Structures are given as C-alpha cells and as structure tokens.
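So that the names make sense, note that chain A is the first sequence line, chain B the second, and so on, each numbered from 1. Just so you know, these numbers come straight off a predicted model, no measurement behind them.
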2 protein chains.
Amino acid sequence: MGYSIGQAAEKMGLTAHTLRYYDKEGLLPFVRKTSSGLRVFSDADLEWLAIVECLKGTGLQIKDIKQYIDWCQEGNATLQQRLDMFKRQKEKLKKEMEKLQQHMEKINFKIAYYEDAVAHGDTNVFDRNAKLVMEKERIFGKKIKKQAV
Amino acid sequence: MGYSIGQAAEKMGLTAHTLRYYDKEGLLPFVRKTSSGLRVFSDADLEWLAIVECLKGTGLQIKDIKQYIDWCQEGNATLQQRLDMFKRQKEKLKKEMEKLQQHMEKINFKIAYYEDAVAHGDTNVFDRNAKLVMEKERIFGKKIKKQAV
DNA sequence: TCTTGACTTAAAGTTAACTCTAAATTGTAT
DNA sequence: ATACAATTTAGAGTTAACTTTAAGTCAAGA
C-alpha cells in the first residue's frame with residue numbers, strides 16, 4: 001500500500017533525486033518514514049504530488065508552492081490568500097495560453113513556408129516572399145539569394 | 001531610422017543587457033554598428049528579434065535558436081532541417097497547450113472550491129468534500145478539521 | 001567645454017531547479 | 001550469510017539565462 005521513493009518517482013515521471021529535493025524544500029511535509037528512515041509514499045501522497053506538478057506546470061516557483069503548503073497548514077485564516085493565489089495563477093495561465101496560440105500561428109506559417117520551399121527547391125521564393133528575402137539579403141549579404149527565411 | 005540598444009530593448013520589452021547577451025550568443029548576427037562601435041537596430045532587426053522571442057517562447061533554448069540562425073546562413077541545403085525543427089516545435093507546443101488546458105481545469109476547480117469555502121466560512125467543507133478533508137487530516141494532523149485544501 | 005547619461009567590452013556573480021557524489025545504511029534474493 | 005540493489009544524508013556541482021560590475025568611450029545639451 002506504500003511506495004518507495006524510487007517507485008513513487010517512476011509513477012510521477014520524476015527522479016528519486018528530485019523527490020528528495022522537493023522534500024528538502026518543504027514540498028512534501030506529509031510523506032511518512034519507516035522507523036529506519038526510508039520514505040513511504042501513499043496514493044494520497046502521489047495525488048498531492050500531482051497538484052504540486054500542476055502548480056509547477058503553470059509557472060509557480062517552488063518557493064511559491066511552499067507558501068501554498070504553509071497556508072494550508074495555517075488553517076482557515078488563509079483561505080482568501082489561497083483563493084487569490086489561484087486567481088492570479090489563472091490570469092497568468094490565460095495570458096500564457098494566448099501567447100502560445102500566437103506562437104502556434106507563427107510556427108504554422110513557417111511550416112507552410114518551408115514546406116513550399118522544400119517542395120519547389122526554393123526556386124521562386126523571391127516572388128512568393130520578396131519582403132523576407134530582401135531583408136535576408138541585407139542581413140546575410142547579397143550573395144545568398146532566393147532563400148527561405 | 002535606427003534605434004539604439006536602449007530604444008530597441010524598450011520596444012521589445014527586454015533590457016539592453018539582455019540584447020547584448022543575445023548578441024554575444026550569436027542570436028543577432030545582423031545588427032549593424034556605427035564606426036565608433038554603437039549598435040544600431042533597424043525595424044527589420046526588431047522583426048527578427050520577434051521571431052527569436054517566438055522561438056524562445058515555444059521552449060527553444062538559446063543554443064537551438066543559434067542553430068536555426070546558423071542554418072539560415074548556410075543556405076538552401078538546410079531547408080529540410082529548418083522545416084523539421086519547426087515541425088518538432090509544433091508538436092511540442094501542441095503538447096504544452098494540452099497540458100496547460102488540463103492545468104486550467106484543475107485551477108478552475110480549485111477556485112470554485114475556495115470561493116465556496118470563503119463564502120461559507122468553510123463551515124461545511126466536510127460535507128462537501130469529505131475525501132479531501134480526510135486526506136488533509138491524515139497529512140496535517142487530526143487537530144485541523146473542516147478546512148479547505 | 002563640461003557634464004551627464006547611454007553606450008562599449010570582458011568577466012564575474014546570481015538564481016532556480018535540479019543533479020550528482022560520497023559514505024553509510026537498509027532491504028531483498030539467493 | 002552474503003551479496004547486491006536501493007535508500008539515506010549532507011553537501012558539492014551543473015546548467016541556462018540572465019544580471020551586474022568595472023572601467024572606460026561616446027553623444028547631446030547648457
């Protein structure tokens with residue numbers, strides 16, 4: 001019913017080193033130890049770890065996650081702080097998702113551009129994208145012409 | 001028609017220090033200098049910088065962006081590499097966006113949970129979310145009860 | 001001309017999040 | 001019983017991406 005640090009690491013896609021590091025940073029105040037000092041992770045511990053990973057994935061730093069755990073341990077007096085924190089994270093996450101969407105559009109343009117360039121041996125790039133090529137000539141020198149950017 | 005490093009930094013939302021760092025790392029091989037050594041950024045340079053920022057924003061490391069710039073300078077022989085690179089980035093970006101979407105759902109749940117807890121003074125948390133509270137009791141000790149997690 | 005603020009380079013310092021090492025201990029499979 | 005693999009700790013090392021410092025140079029206004 002309990003997992004060793006190695007098993008827990010495998011389940012979470014992390015390393016045992018990383019789990020010990022998290023523990024040292026106060027992110028795992030709940031993990032039990034055997035009488036001889038070995039850590040024992042329960043399924044509930046892994047669920048908590050999943051929340052830690054979620055917070056980390058949305059851009060929270062480890063010290064901020066520690067703050068959240070501290071708030072949890074302080075009791076109901078910190079409910080509002082925790083709510084505010086999640087609201088801030090949500091706004092951050094929304095902006096990040098919008099940014100990634102814009103990046104995706106740029107990348108899609110690049111892929112279309114290069115697929116065409118590869119297919120046509122890049123022979124008519126100048127016609128298709130004169131602006132980019134002229135810019136490129138200025139940047140990399142006049143010798144390189146008709147080339148995708 | 002040209003910008004100083006400070007003006008360019010301001011336009012891009014970066015610092016002059018960062019632009020010099022990028023230059024040192026080979027990310028700005030196109031930026032001109034005056035006879036006395038001052039960098040001069042053109043509008044085209046800023047467009048290139050925007051592409052660099054896009055690549056950085058999708059998770060590319062600076063050395064990988066350098067690789068892309070090197071490929072651009074090598075000419076048409078590297079068209080396929082560049083296409084493959086953008087395709088890899090697109091896959092990475094897609095996975096990242098899916099992950100963020102899942103994080104967003106978790107955060108929305110947390111916000112709903114804490115808004116309710118704050119509104120009701122957390123008096124009936126045990127009824128609403130017995131599993132979480134029981135888990136919390138095990139983790140933080142029996143003394144703290146009826147508290148949001 | 002003088003001052004002041006922006007710029008230059010090279011190099012050292014910082015920060016976050018691991019990542020690894022060493023030396024000892026523990027658990028498990030023959 | 002004896003390997004051998006996994007675990008423990010403290011602490012050192014790594015990496016990426018800045019960030020700051022030092023010592024000087026350049027450019028524009030009074």
Fill in: Main-chain N/O of B:Thr58 paired with B:Gln89 side-chain donor or acceptor, under 3.5 Å
yes

Worksheet item: Do any side-chain nitrogens or oxygens of B:Arg39 fall under 4.0 Å of OP1 or OP2 in C:dT8?
Response: yes

Worksheet item: Between A:Tyr114 and B:Phe86, how do the two ring planes meet: parallel, tilted or perpendicular, split at 30° and 60°?
Response: parallel

Fill in: Heavy atoms of other groups near A:Lys92 NZ, more than 12 under 6.0 Å
yes

Worksheet entry | Pair B:Lys95-B:Glu98, salt bridge (Lys or Arg N to Asp or Glu O under 4.0 Å): steps then yes or no | CA-CA 5 Å; B:Lys95 286 209 182 86; B:Glu98 282 163 19; over 6 Å; no

Response to the item:
Heavy atoms of B:Asp45 and B:Val40 approach each other most closely as OD2-O, 3.6 Å

Worksheet item: Can a salt bridge be assigned to the pair A:Glu115 and B:Lys87 using a cut-off of 4.0 Å between side-chain N and carboxylate O?
Response: yes

Item to complete: Using atom NZ of B:Lys66 as one end and atom C1' of D:dA16 as the other, report the distance to the nearest whole Å.
Response: 17 Å

Worksheet item: If each of A:Val40 and B:Ile62 is mapped to the nucleotide of DNA chain D with the nearest heavy atom, which maps nearer the 5' terminus, i.e. the 5' end?
Response: A:Val40

Worksheet item: From C:dA17, C:dT9, C:dA16, pick the nucleotide closest to the side chain of B:Lys33?
Response: C:dT9

Item to complete: Take the protein atom OH of B:Tyr3 and the nucleotide atom P of C:dA6, then report the distance between them rounded to whole Å.
Response: 19 Å

Worksheet, complete the sentence: Side-chain atoms of A:Ile5 come closest, of D:dT7, C:dC7, C:dT9, to D:dT7

Worksheet, complete the sentence: For A:Leu27 and A:Ile69, the nearest pair of non-hydrogen atoms, with its separation, is O-CD1, 3.3 Å

Practice prompt. For B:Gln7 and B:Ser4, indicate whether the former's side chain and the latter's backbone hold a donor-acceptor pair under 3.5 Å.
Written response: yes

Worksheet item: Can you check the A:Gln7 CD to C:dT26 C1' distance for me, whole Å?
Response: 15 Å

Discussion item. Less than 4.0 angstrom from a charged side-chain N to a carboxylate O is my criterion; do B:Glu91 and B:Arg88 meet it?
Written reply: no

Fill in: Nearest-Å distance for atom pair CG/P, residues A:Leu28 and C:dA17
15 Å

So which protein N/O to nucleotides 24-26 of chain D N/O distances come out below 3.5 Å?
| residue | atom | partner | partner atom | Å |
| --- | --- | --- | --- | --- |
| D:dC26 | O3' | B:Ser36 | OG | 3.4 |

Worksheet, complete the sentence: When rounded to whole Å, the CD to C1' distance for the pair B:Gln61 and C:dC18 reads 14 Å

Response to the item:
Per the under-4.0 Å heavy-atom filter, residues of residues 14-27 of chain B near DNA chain D come out as B:His17, B:Thr18, B:Tyr21, B:Tyr22

Discussion item. Under 4.0 Å from OP1 or OP2 of D:dA6: is there any side-chain N or O of A:Ser4 that close?
Written reply: no

Worksheet item: Starting at NZ of B:Lys63 and ending at P of D:dC18, how long is that distance when rounded to a whole Å?
Response: 14 Å

Practice prompt. Would you mind reading off the distance between B:Gln67 atom CD and D:dA16 atom P, rounded to a whole angstrom?
Written response: 15 Å

